[in-house]
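For ligands, and for the atoms within them, numbers begin at 1 and follow the listed sequence.
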Amino acid sequence: MKVKLGVTGGKGGTGKSTVATNLAIGLSEVRDVVLGDLDVEDPVDHILLNTELMGEEPVKIMLPVIDYSKCTACGVCVKVCDTGALLSPKGGKPFVLPRLCSGCRACYFACPEKAISEGGRILGYTYFTPANVDGAQIKLVTGLLREGEEHTSPVVLAARARAESVANDVLIVDTSAGTGNNISIALKGASLAIAVTEPTPLGIHDLKSILELTQVMSIETWVVENRWGIGPDDRVVETARKYGTKVVVKIPYAREVVESYVKGIPIIKYMPDSRAGEAIRKLVSIVKEVI
Ligand code: SF4
Ligand code: SF4
């Protein structure tokens, strides 16, 4: 991998995946692009690219297996488990609640009787999908958490590792919304982040959070204002300036963007000469220059 870019945004639903998929397609004209969809609770890049996920690999984590013939009911494992995945009735032997277990192995190491061995369970999956979008070739790596599971980070880590292992040139990661652990895991090693926001009070509030995070991570960050026109944008511009960056592109709120969703064709291919298509092409062009 020669360069890693992150597409992120504090708030969900700002159009982060739209920007990531269009940017990947635009850059694929001149570079070999891998797009990593690390929004593991709700990955949608494959839907926006109108392709089926392929190349499934399970993401497994450790699940403790207790040998009750060795267990003395000392309770040490219950004390070291910080997710509440081990419970024991008063004075009794513990049992495991698999959904709460993060696979950290603390109980395995702590058990004085060596009564715990390593089992495993599937937490989610990663996929590798070569995608051809109207002649544009990109490789898509996707992380997907199994329904009902809570521990997202191992799946984000596995998907990031798979994306990095297949990226020879440019890797674009599409993060989940928010500013939590999974965002920093996804953005680790990125030389440029693109924070997608919208001109609403919530969009501006969450933009501050993501700009604070990327500042702490020392990642240069540009702001893309999506749905430009649905509200006054002076506060987006001001917020970007306050954090030492700028709004590089404003993507108008336009009918053609909605139509491109309905058709399942990214706007850069569906209507490249529309106002929204032009804004995306401008973004592709300035990213091309810096990488
Ligand atoms: S592996 Fe970690 S999270 Fe799972 S039961 Fe053991 S201590 Fe708790
Ligand atoms: S630490 Fe080991 S011996 Fe103690 S309760 Fe847990 S499994 Fe049993």
Going by the order shown, which atoms of ligand 2 are within less than 4.0 Å of some heavy atom of E113? 3 (S)
Going by an N to O cut-off under 4.0 Å, is there a salt bridge joining E150 and R99? no
Assess whether a salt bridge exists between E256 and R275, defined as any Lys/Arg side-chain N lying under 4.0 Å from an Asp/Glu carboxylate O. no
With a 4.0 Å cut-off on N to O distance, would you call E164 and K188 a salt bridge? no
Looking only at heavy atoms, which two atoms of P252 and V257 are closest? And how far apart? O-CG2, 4.3 Å
Polar side-chain atom of K16 near backbone of T175 as donor-acceptor pair, under 3.5 Å: yes
Distance to 0.1 Å, residue and atom name: give those for the protein heavy atom nearest to atom 3 (S) of ligand 2. T72 N, 3.5 Å
Under 4.0 Å from a heavy atom of G75: give me the atoms of ligand 2 that qualify, with their elements. 4 (Fe), 5 (S)
When you compare the side chain of V224 with that of L283, does any pair of heavy atoms fall below 4.5 Å? yes
In terms of atom number and element, which parts of ligand 1 are under 4.0 angstrom from non-hydrogen atoms of R105? 1 (S), 2 (Fe)
At distances under 2.8 Å, what protein N, O or S atoms surround atom 8 (Fe) of ligand 1? C81 SG
List the residues meeting side-chain hydrogen bond (donor to acceptor under 3.5 Å, both in side chains) with T214, not counting sequence neighbours, and say none if there are none. T221
Heavy-atom closest pair (P199 atom, G229 atom, distance to 0.1 Å) is CG-N, 4.4 Å
Is atom NZ of K60 surrounded by more than 12 heavy atoms (other residues, nucleotides or ligands) closer than 6.0 Å? no
Qualifying salt bridge (Lys or Arg N to Asp or Glu O under 4.0 Å) pairs with a residue from residues 68-90, counting only residues at least two apart or across chains: none
Which residue and non-hydrogen atom of the protein lie closest to atom 2 (Fe) of ligand 2, and at what distance in Å? C111 SG, 2.3 Å
For ligand 2, indicate whether the residue P94 contacts it via side chain, backbone, both or neither (heavy-atom separation under 4.0 Å). side chain
Which protein heavy atom lies closest to atom 4 (Fe) of ligand 2, and at what distance to 0.1 Å? C74 SG, 2.3 Å
Distance filter under 4.0 Å to C71 heavy atoms, resulting ligand 2 atoms: 3 (S), 5 (S), 7 (S), 8 (Fe)
Taken in chain and number order and not counting sequence neighbours, the residues that satisfy side-chain hydrogen bond (donor to acceptor under 3.5 Å, both in side chains) with D206 are none
Closer than 4.0 Å to some heavy atom of I116 - which atoms of ligand 2 meet that? 7 (S)
Considering only heavy atoms of P112, which atoms of ligand 2 have at least one such atom less than 4.0 Å away? 1 (S)
